[in-house]
Amino acid sequence: MILFPAIDLKEGACVRLVKGDMAQATVFNTDPGDQAAQFARAGCEWIHVVDLDGAFAGKPANRGAVEAILSATPLPVQLGGGIRDLATIEAWLTAGVRRVILGTAAVRNPALVKDACRLFPERVAVGIDARKGFVAVEGWAETSELQAVDLARLFEDAGVAAIIYTDIDRDGTLTGVNVEATVALSQAVRIPIIASGGVGSMADLDALKAANAPGIAGVITGRALYDGRIVLADALALLAA
């Protein structure tokens with residue numbers, strides 16, 4: 001299982017939100033490139049980046065910060081937030097992003113996901129952000145009537161590289177990842193699932209690993225790393241075992 005350390009970008013800085021609320025942002029590093037380099041030195045395999053401003057604006061808003069991350073480390077980067085058309089997808093992939101994450105676009109324009117997967121094999125992931133099982137969009141500001149599992153099944157044969165599944169009510173709260181819902185989603189589709197939202201301690205990583213669900217390929221953690229609740233070296237060792 002791969003550990004994805006998270007860098008969430010707001011106005012050029014690395015922040016963490018609580019339940020996606022932009023008004024509840026804690027700044028942890030004003031230099032995203034430096035933060036990425038720290039993760040690389042610690043032995044991480046990937047970096048998960050979200051352009052929070054872009055998610056709300058519907059277009060990239062932290063381009064300079066993302067470029068700083070790409071320049072600071074050779075690690076593959078997966079990026080989400082404000083990616084809503086093929087031109088933006090191609091621009092980010094050309095700039096060096098290894099994998100783009102489509103969230104709102106996956107709900108509003110499923111054909112875009114399928115087209116992107118065909119044009120850029122293994123370089124497109126779908127972000128499914130759920131509130132009480134229903135998919136949220138537009139930077140989590142709106143909740144749709146679409147169930148998370150139904151959205152995932154829509155892309156079963158599209159060639160999606162991974163699904164990043166986030167329980168919004170747990171995100172940034174350190175109250176524990178929603179293991180039950182994540183496992184259920186991994187059993188409903190053949191697409192690899194990356195768990196996200198609520199990781200607060202090594203016990204949460206233990207619980208996710210103990211579920212022994214082959215379809216869960218990774219887990220994203222942010223605030224717990226920045227707060228020191230999880231020691232990165234210990235987490236990497238646990239998930240690699």
Side-chain angles (χ1 to χ4, degrees), residues 2-84 88 91-101 103-104 125 127 129 138-141 164 166 168 170-175 194 196-201 204 218-236:
I2 296 172
L3 179 75
F4 293 80
I7 297 179
D8 288 357
L9 299 170
K10 182 176 185 288
E11 298 173 358
C14 304
V15 306
R16 295 303 294 168
L17 307 183
V18 176
K19 299 182 182 181
D21 184 355
M22 290 286 268
Q24 297 188 64
T26 303
V27 177
F28 285 100
N29 196 331
T30 56
D31 185 341
D34 170 70
Q35 189 61 61
Q38 289 183 44
F39 288 144
R41 288 194 298 270
C44 293
E45 299 176 56
W46 277 80
I47 295 177
H48 174 80
V49 180
V50 178
D51 179 351
L52 294 171
D53 301 298
F56 282 91
K59 59 184 179 182
N62 280 283
R63 188 176 300 277
V66 175
E67 290 172 347
I69 291 168
L70 295 172
S71 298
T73 170
L75 292 182
V77 169
Q78 63 180 22
L79 171 69
I83 304 173
R84 309 281 170 87
T88 304
W92 278 131
L93 295 179
T94 301
V97 170
R98 181 69 60 87
R99 188 157 70 194
V100 295
I101 304 165
T104 295
D129 308 319
E138 306 294 346
W140 301 356
I164 292 91
T166 304
I168 295 170
R170 297 180 183 233
D171 193 67
T173 66
L174 304 169
T175 55
I194 299 172
S196 174
V199 174
S201 68
D204 297 326
V219 57
I220 295 166
T221 183
R223 184 176 290 273
L225 289 179
Y226 293 106
D227 280 351
R229 295 167 188 256
I230 290 179
V231 176
L232 193 47
D234 294 342
L236 290 171

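Between the OH atom of Y226 and the OG1 atom of T26 there is a distance of 12.0 Å, given to the nearest 0.5 Å. To the nearest 0.5 Å, the span separating CZ on F4 from CD1 on I2 amounts to 4.5 Å. Separating the CD1 atom in I101 from the CD1 atom in I194 is a distance of 7.5 Å, to the nearest 0.5 Å. The distance from the CG atom of L232 to the CG atom of L225 is 5.5 Å, given to the nearest 0.5 Å.
Geometric assessment of R99 against the ring of W46 yields a positive cation-pi assignment under the 6.0 Å and 45° thresholds.
At a threshold of 4.5 Å between non-hydrogen side-chain atoms, the residues L79 and R98 do not count as touching. In this structure the side chain of I220 never reaches within 4.5 angstrom of the side chain of V199, judged on heavy atoms. Looking at heavy atoms from C-beta onward, I69 lies in side-chain contact with V77 at the 4.5 angstrom threshold. Residues I164 and Q78 meet the side-chain proximity criterion, which asks for heavy atoms closer than 4.5 Å. By the 4.5 Å heavy-atom criterion applied to side chains, L9 and P32 are counted as neighbours. Within the 4.5 Å cutoff, the side chain of T94 has no heavy atoms near those of the W92 side chain. Residues N62 and K10 are not in side-chain contact: their nearest non-hydrogen atoms beyond the backbone lie 4.5 Å or more apart. The side-chain heavy atoms of L75 and C44, taken from C-beta on, include a pair separated by under 4.5 Å.
Pairing each heavy atom of A42 with each of L236, the nearest pair is O-CD1, 3.4 Å. Nearest heavy atoms, A72 versus A37: O-CB, 4.2 Å. The shortest non-hydrogen separation linking L70 to G96 is CD2-O, 3.7 Å. Between G82 and P60, the shortest heavy-atom distance links the atoms O-CD, 3.6 Å.
T88 contributes no side-chain N or O that, together with a main-chain N or O of R84, makes up a donor-acceptor pair within less than 3.5 Å. Although no hydrogens or angles enter the test, the distance criterion places a donor-acceptor pair under 3.5 Å between the side chain of D204 and the main chain of S201. Judged by distance alone, with hydrogens and angles left aside, the side-chain atoms of D53 form no donor-acceptor pair with the main-chain N or O of A61 at under 3.5 Å.
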Under the side-chain contact (heavy atoms from CB on, under 4.5 Å) rule, what do I230 and T221 come out as? Steps first, then yes or no, please. CA-CA 9 Å; I230 290 179; T221 183; 4.2 Å; yes
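A salt bridge links D8 with R16: the distance from a Lys NZ or Arg NE/NH1/NH2 to an Asp or Glu carboxylate oxygen falls below 4.0 Å.
Counting only N and O atoms by type, the side chains of Q35 and D31 include no donor and acceptor under 3.5 Å apart.
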